[in-house]
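Shown next, in structure tokens, is the structure this report addresses.
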Amino acid sequence: MFVGDYMTRHPLTVTPDTSIVEVQGIMAENNIRHVPVVEKGKRLVGLVTRQNLRISPIELSSLNVWEITRLLSGLKVKDVMVRGKDVITATPDTPIEEAARILVTHRIGCLPVLEEGIVVGIITESDLLTQLTNLLGLQVPGWRATIRVPDRAGEFAKITAAVASRGWGIDAAGSLPTPRKPGYWDVVIKISAATRDELVAVLQQIEGQELIDIRATGP
Amino acid sequence: MQTRFHPLPPILKVENLSISYATRYGEVEAVRQVSFEVNRATTLGLVGESGCGKTTVAFGILDFLGPNGRIVEGSIKFQGRELVGRSEKELRILRGDQITMVYQDPMQALNPSLTIGEQLAEVLIVHRNIPHAEAWRRSIEMLERVYMPDAPNVMKRYPHQLSGGQQQRVVIAMALLNNPALLIMDEPTTALDVTVEAAVLDLIAELKRDFDTGIIYITHNLGVVARICDQVAVMYAGELVERAPVKELFAHPLHPYTQGLMRCVPKLGITKEESRLYPIRGRVPAPQDRPWGACIFAPRCDYATERCRNERPMLREIALGHSARCFYAGEIDPSAWQPSKEIDLPVVEPRAASGYGTVLEIENLKTYYEQPSRSVLSLFGLGKKQHVKAVDGVSLRVPRGITVGVVGESGCGKSTLAKTIIGLESPTAGVLEFLGFDISMPVTRRDVKLIQELQMVFQNPDSTMNPAYTVGQQIARPLQRFKTVPPHQVYDEVIRLLHAVRLDPSYYDRFPSQLSGGEKQRVGIARAFASRPELVLCDEPVSALDVSVQAAVLNLLLDIQRRYGTTMLFIAHDLSVVRFFSDFVAVMYLGHIVEFGSAEAIYAPPYHPYTEALLSAVPIPDPCATQKRIRLEGNVPSALNPPSGCVFHTRCPRRNLLLDQGKVCEVETPPQRYNTEQHYILCHIPLEELRKMEPVITTL
Amino acid sequence: MAAGERTLLNTIVRRPSRWRRLWEGVSTIGRSKTAMAGLTIVSFWFLVAIFAPFLTPYGPFDQDYKLQNAPPSAAHPLGTDHLGRDIWTRLIYGARLVLIMLPINESLWLPGGIALWGVFLGLVTGSVLGLLGGYLGGWIDEVVMRLLDAMMAFPVILLYMIIIAAIGPSALNIVMAIAIVGTPGIARLVRSLTLDIRTRDYIRAAEIRGESVWYVMFHEILPNARGPLIVDAMLRVGYAIFAMGTLGFLGLGLPPPSPDWGSMVAKGRQYIMAGSPWAALWPSVAIASLVVGLNLFADGLREELARYR
Ligand SMILES: Nc1ncnc2c1ncn2[C@@H]1O[C@H](COP(=O)(O)OP(=O)(O)OP(=O)(O)O)[C@@H](O)[C@H]1O
Ligand code: SF4
Ligand code: SF4
Ligand SMILES: [Mg+2]
């Protein structure tokens, strides 16, 4: 699970001399919020985001319509972009959780992915959130079971053993410490091979664990 | 590709693109209002006959239209940004190195005087400022990525030291070093052998997945489309007439042109007795002759109505994601189609292989080419003479009136066999008898009577006719030379022959430059049949032709053969065509016939392992058919030192069925085992074992 | 397909005649400015050569002792030489020698000038050698090519001088010299064209009809080498004219009093310092303009041929 696997390759890019109007068009048309700025050989020189393009209302109010048009048409990407070194980036072998941490701590929405200074992709919040849904198996139809287990070794193995004994496969799994209940973890598994009743029967038999929720999810 | 909740923007979006060329007829539109999209990690197939504007579209995207071409209207959005109307400099920046093109001929992209390594590394050094050592290392990695055997050494070689398939891999590797968002491939495998083609197609499919590259794949081969495309756009006479996902297109072709194309290709496993090929009548109109306010396909369409001739249909979506440019798309039922009276269909009667007597008798025939040895000793005549064993012990009996197909990869000796029979090469050893006469001498020393009975049809329509003479003169020459008819009847006879190949008398005075490929091939056929020969050798007579022309020429050959009772030796690499056309098939590998039998027998188990591999490599025009995936490694070994034992042992994927991983294959010549009286296989694996194998192709 | 095309229009309109093809060829040339410029210059010389007797009141040998080394005047538009002969007259009669007539002896001459005959003969021998070498290959090719290499090793002028010194200066011998000197180059060109053409399938088709070597060489191969060969021949006529000039200048040209351009330059040179450059200047201009004209024509032709390939 590395950035290289989940990034968008061949991101749309612009050059420093692209006009702001055009970038706005590109963003609106393709429904994207971040565009890396590159020069020859796809080397990263900056990043434009919707924020960069916003002109503060105070500035605006001091101008008339003609001045605004002139201002906008004269502006180039290089005038507004976040410049080279200030752009926070990732590499294809950054783990995705690390990428998520960077996004959160810096309060930014995307990371251009670089390989020796060359843009090879881009990973955004929504890419990472999409992977969260995949992690928990939202993309496959089936049963999503939440099981509360004590925080000790071997509990997860019990679940897998129980499921495997019936010949089912686990399509997705994830676990987090139970909120506000120290000493427990909530495990979510996704199983598509079983019926609801079979699954409930099997999971309820596991000693020391509690099946707290089961529901059908899927695309 | 990973599942996404919001769709990514397409890599390329072409809308209403029209391109014209300035010619001596004025400005003519070669491409008209074409629209399509290419997404990440998908392959869009662009299919259609020659001259339909496929390459022009590609060049339009790349701005390679040359001095006389220009984009008239429309929009090309690449990575969100408009390309039309920008200056050359802006375009260069916009496209960056994000669009790469791979051509049919790999040598067009390679510099013959630089090593592979220099050329690959240069891409990174120049475009990416990557230091030399690093660039070199990455180039090797990329070569390995495209399954180039022995990559570090290949880096030091020159392009001409590689085979065609390897060159094409280098070109693909070079394209990928740039990590392009869009890869345009113009018939990249057309010049390659089926086995190599299969490997390259696998590679392309894999790369598309791993690099998320969008691919435009230009081809006229429906089999290739079915194998590797996700989306297909069918072009006809500069217009996009149908667009659909690949399975949908093959299952429910909506446009009459697409339906017609599908009727032109022989399905693998279909014979001339049980099925017909239906060429589309007429031909693609030249750009200056294309009507505007009408359906462009109307002159060739079996469903055309008054409306079609007076109004131009628009591309409209008939089913989800499936559009066609036809007024009646969706209403036409292709299964109810009947051939129109305008196309000539041959009558074919099944023939038995015996009773008619033997035309050609070949016994243990060997044709070796002497290879000048490079050692110093050879200067004094002392060096050991080396021989390229192009044909090495071939035995074949061809009964009268029968067609024997010969298949195999290039370099396996098919053409040498033909040349030896026709007398352009002299056999080194063996018996070669034609109508009971010995013909193991070059053509210059053969009796005129024999020469006349043995003629040939060639592969390349562009070189089959002498550009300096008219059609009539060229057909008349054999008539005069062999005195087939008295001198005063020569003209009438030529007209009769023209008629036989369905060309009208006005062609008599035309020069080859005024003919299309298919017409040249017809003239070549007329010339070969002029002396009313007993045996005609056809060396890949249709492989350079478009599918619909191919169907017409095959029909013509069938018809002429039936009419004159001619015997034929039909050499081809397209296994579906061979199967369709031949009564018997010989599979050749490195100078040997490894399997021989009736067409049906060859295409069903038991197979020779080589036949099996060939069959699994042919692209079949049916995306739903499943095909065993057997890929041969490496190339045909040099015929200078053919492998010992079974010549196929270096590449045989079935050896492991034998004891000891098939040690025996390396030392002992395999036995000739007869499956039936007329079907033999040259292999150590017992027939029972071979019979147990599954058929290569299963259609659902 | 044929059925669809068997239309009336097709039968009538597409019938190409020889004339039509010829006209297409001519209009092809017309499209190239270079070729047209060259053609104009060359035709000028052909015309004045043909109509020489009508374009001057003098004969080429008429002397006027009162008017030696005169500058251009109304009576003598280009001036006169050291014997008082009209330079214009000698120039246009000289053009006859180059382009129009080949004197065999006092009373007999053949149509076609020295340069043309020389190149033509060179073309014949060169083509035969090139075809033989290129088509048959093997030891014949080796022998032919070694022989020609040996000849090409000599500087062209030296070769001319050796040949003329050996067989003596006369119109016929100069023709021979031009032919001999031109042969190796033409042979090489024909050979390389042949090597390409002989791989075509129509050559195979002829061979399997059992056609003779000569038939294949002259009927199948040569017609297809025509285009480049014509262009090359044109250039060679230019070289030949230049060579004739040089020979004349060196005193190896046509014996006096022939109006040989080279000899005219050689003689006139002696009077340049004496203040009358005309006798040397005009023949030099004539040689140069004809050579340039032929070169332009050949170049233009080559470009047009390449474009419509
Ligand atoms: N440079 C040019 N000048 C004039 N006409 C051209 C030029 N290039 C192509 N054409 C014409 O444009 C039309 C489309 O040609 P194009 O090469 O795009 O076809 P294609 O579909 O790629 O055919 P093929 O399968 O043979 O490669 C043809 O009629 C061709 O003759
Ligand atoms: S619109 Fe008419 S002529 Fe054109 S393809 Fe459809 S039916 Fe045929
Ligand atoms: S003899 Fe051996 S190597 Fe040859 S085809 Fe049979 S199994 Fe393969
Ligand atoms: Mg093309």
Side-chain angles (χ1 to χ4, degrees), chain A residues 1 4-19 22-33 35-43 77 92 96 113-135 137-140 218-219, chain B residues 1-13 37-42 75 77-82 86-87 89-100 123-131 134-135 137-138 176-183 207-215:
Chain A
M1 292 192 201
D5 303 328
Y6 302 109
M7 67 188 183
T8 303
R9 291 160 191 271
H10 315 297
L12 305 194
T13 57
V14 292
T15 50
D17 288 323
T18 311
S19 82
E22 192 181 351
V23 177
Q24 274 171 332
I26 293 174
M27 285 183 171
E29 205 167 298
N30 297 293
N31 196 14
I32 52 175
R33 291 190 300 252
V35 184
V37 184
V38 297
E39 55 172 27
K40 183 168 173 284
K42 284 192 259 178
R43 293 196 167 267
V77 163
I96 51 169
V113 184
L114 302 193
E115 213 167 42
E116 282 151 58
I118 293 160
V119 179
V120 293
I122 190 168
I123 192 151
T124 62
E125 284 167 334
S126 37
D127 292 332
L128 292 172
L129 285 173
T130 306
Q131 294 320 316
L132 178 65
T133 69
N134 285 329
L135 192 68
L138 187 64
Q139 305 297 333
V140 274
Chain B
M1 200 168 72
Q2 293 292 312
T3 330
R4 296 196 176 261
F5 295 110
H6 68 94
L8 286 167
I11 292 212
L12 181 79
K13 188 167 179 162
E37 274 182 20
V38 185
N39 287 306
R40 280 144 217 276
T42 50
S75 127
K77 279 215 167 114
F78 173 64
Q79 289 282 49
R81 308 188 66 190
E82 180 61 56
R86 304 240 184 200
S87 74
K89 184 164 151 261
E90 280 177 306
L91 279 178
R92 221 176 15 246
I93 296 170
L94 277 193
R95 278 195 309 255
D97 351 283
Q98 297 200 65
I99 309 183
T100 324
V123 174
L124 294 172
I125 298 170
V126 174
H127 295 289
R128 297 267 192 269
N129 296 324
I130 289 173
E134 168 72 8
R137 188 186 60 74
R138 282 223 229 162
L176 289 172
L177 277 178
N178 266 326
N179 189 16
L182 178 67
L183 191 58
L207 295 174
K208 160 187 89 177
R209 198 185 60 219
D210 291 358
F211 291 83
D212 275 3
T213 313
I215 299 178

Legend entry - Heavy-atom proximity to chain B below 4.5 Å, by part of A:Glu22: side chain
Legend entry - Salt bridge flag under 4.0 Å for residues B:Arg138 and A:Glu116: yes
Inset, instruction - Count the heavy-atom pairs under 4.5 Å between each of A:Lys42, A:Glu29, A:Met27, A:Lys40 and chain B, then report the option with the highest count. - result: A:Lys42
Legend entry - Max heavy-atom pair count under 4.5 Å with chain B, selected residue of A:Thr13, A:Thr18, A:Val35, A:Asp17: A:Thr18
Legend entry - Among the listed options B:Val126, B:Ile11, B:Asn178, B:Asp210, the residue most often paired with chain A at heavy-atom distances under 4.5 Å: B:Asp210
Inset, instruction - Answer yes or no: is there a donor N or O on one side and an acceptor on the other, between the side chain of B:Arg86 and the main chain of B:Glu82, under 3.5 Å? - result: yes
Legend entry - Side chains of A:Thr124 and A:Asp127, donor plus acceptor under 3.5 Å: yes
Inset, instruction - Find the distance between CG (B:Asn39) and CD (B:Glu37) and round it off to the nearest 0.5 Å. - result: 6.0 Å
